[in-house]
Amino acid sequence: MMTENEFIIAVKRSNQRLFLIALSFTKNRDDAEDILQNVFLKLWKNTKRFENEEHMDKWLTAVAVNESKNYIKSPFRRKSVPLEYAENMYTFNDESDNDLFRVIMKLKPKESAVIHLFYYEDMSVKDIAKVLKIKESAVKTRLSRARVHLKEMLGDEWNDE
């Protein structure tokens, strides 16, 4: 079991990253915060030791994705709030990053989730498939569709990197 200090460090280090994962699924700040609480509660109750920070990060990412998926299936889920509310919840240092994040938030949850995991969390297709419990081909399809939708939404601003 981890110490209180180790837990606090892990929360501070992972808070924003995991919040964005939850937000990419829910599009709702309150729901994302609820998911984040559940993730950190599971971390606190976890009895196994992590090999290193990377191992813990992968575990936390998987828990955040699974909690998000379960939450959006829940009949008790809150109604969505206006997208403008969700768009302005997080800011990046570069304004163009803010703009791109706002566009990504307008994608369908399945698309924004894979985009977020692939680009922001730097996860491989194989790892995303494992975390989402879908086939690698489904991840590739979702990424491809999301990129097409992003290209349509961004128009001339699109930079296919």
Side-chain angles (χ1 to χ4, degrees), residues 1-83 85-93 97-98 100-143 145-146:
M1 190 155 170
M2 69 177 17
T3 66
E4 185 175 343
N5 193 43
E6 289 172 329
F7 177 77
I8 291 169
I9 291 169
V11 169
K12 286 180 179 179
R13 188 172 45 82
S14 304
N15 188 39
Q16 287 183 335
R17 182 178 71 78
L18 298 174
F19 177 79
L20 290 174
I21 290 171
L23 187 62
S24 71
F25 278 90
T26 64
K27 310 283 194 266
N28 181 307
R29 179 184 187 144
D30 295 329
D31 290 345
E33 287 174 350
D34 287 347
I35 290 165
L36 200 57
Q37 282 185 333
N38 291 341
V39 170
F40 288 131
L41 183 60
K42 286 187 178 196
L43 176 63
W44 180 250
K45 290 181 175 182
N46 179 46
T47 56
K48 73 176 187 175
R49 294 297 283 168
F50 296 104
E51 298 167 13
N52 52 38
E53 282 185 3
E54 183 180 344
H55 182 222
M56 183 190 298
D57 288 346
K58 285 184 178 185
W59 185 86
L60 285 168
T61 299
V63 172
V65 167
N66 289 331
E67 286 292 315
S68 298
K69 287 170 57 178
N70 291 340
Y71 201 86
I72 60 176
K73 291 180 198 171
S74 168
F76 301 107
R77 181 174 181 233
R78 289 182 187 91
K79 297 289 183 200
S80 294
V81 294
L83 186 58
Y85 180 70
E87 290 176 340
N88 298 314
M89 283 185 276
Y90 189 78
T91 57
F92 296 90
N93 293 334
D97 291 338
N98 279 330
L100 180 59
F101 182 74
R102 287 185 188 107
V103 174
I104 291 169
M105 290 302 297
K106 292 178 183 177
L107 294 171
K108 295 176 184 174
K110 287 181 177 183
E111 292 176 356
S112 63
V114 294
I115 288 290
H116 184 85
L117 293 172
F118 188 79
Y119 290 105
Y120 291 94
E121 299 301 320
D122 202 28
M123 291 177 69
S124 68
V125 169
K126 182 178 180 178
D127 289 340
I128 294 170
K130 194 181 304 180
V131 166
L132 294 178
K133 296 182 176 118
I134 59 176
K135 294 180 179 181
E136 287 182 39
S137 60
V139 173
K140 291 176 183 176
T141 299
R142 289 180 187 183
L143 279 170
R145 287 181 184 156

(request) Apply ring pair (Phe, Tyr, Trp, His ring centres under 6.0 Å) to F118 and list each qualifying residue two or more places apart in sequence or on a separate chain. (result) none
(request) Give the minimum heavy-atom separation between S68 and A22, together with the two atoms involved. (result) OG-CA, 3.4 Å
(message) Just so I know, are the side chains of H116 and I104 near enough to count as touching, which here means a heavy-atom distance under 4.5 Å?
(response) no
(message) Strictly by side-chain hydrogen bond (donor to acceptor under 3.5 Å, both in side chains), give each pair with a member in residues 35-53 just once, sequence neighbours left out.
(response) N38-E67, K42-E67
(request) Any chance you could measure I8, atom CD1, to M2, atom CE, to the nearest 0.5 Å? (result) 11.0 Å
(request) With rounding to the nearest 0.5 Å, note down the distance linking CE in M56 to CD1 in I9. (result) 9.5 Å
(request) Would you please name every residue forming a side chain to side chain donor-acceptor pair (under 3.5 Å) with T3, sequence neighbours left out? (result) E6
(message) With heavy-atom distances below 4.5 Å as the criterion, would you say the side chains of N70 and I35 are in contact?
(response) no
(request) For A113, check side chain to side chain contact (heavy atoms under 4.5 Å, CB included) against everything at least two apart and list the hits. (result) S24, F25
(request) Please name all residues satisfying side chain to side chain contact (heavy atoms under 4.5 Å, CB included) with N15, sequence neighbours left out, ordered by chain then number. (result) L36, F40
(message) So, taking the atom named CG in L117 and the one named CG in L20, what distance separates them when rounded to the nearest 0.5 Å?
(response) 11.0 Å
(request) Quick one: which residue pairs count as a salt bridge (Lys or Arg N to Asp or Glu O under 4.0 Å) with a foot in residues 124-143, not counting sequence neighbours? (result) none
(request) For side chain to side chain contact (heavy atoms under 4.5 Å, CB included), just list the numbers for L23 and F101, CA-CA rounded to whole Å, side-chain angles, deciding distance to a tenth of an Å, and then say yes or no. (result) CA-CA 11 Å; L23 187 62; F101 182 74; 4.1 Å; yes
(message) Could you measure the distance from the CD atom of E121 to the CD1 atom of I115? Nearest 0.5 Å is fine.
(response) 13.0 Å
(request) Please round to the nearest 0.5 Å and tell me the distance separating atom OH of Y71 and atom CG of D31. (result) 4.0 Å
Do any side-chain atoms of residues 57-66 form donor-acceptor pairs under 3.5 angstrom with protein atoms, and if so which ones, sequence neighbours left out?
residue : atom : partner : partner atom : Å
D57     : OD1  : R13     : NH1          : 2.5
D57     : OD2  : R13     : NH1          : 3.0
T61     : OG1  : R17     : NH1          : 2.6
T61     : OG1  : D57     : O            : 2.8
N66     : ND2  : A62     : O            : 3.2

(request) For S112, check side chain to side chain donor-acceptor pair (under 3.5 Å) against everything at least two apart and list the hits. (result) K27
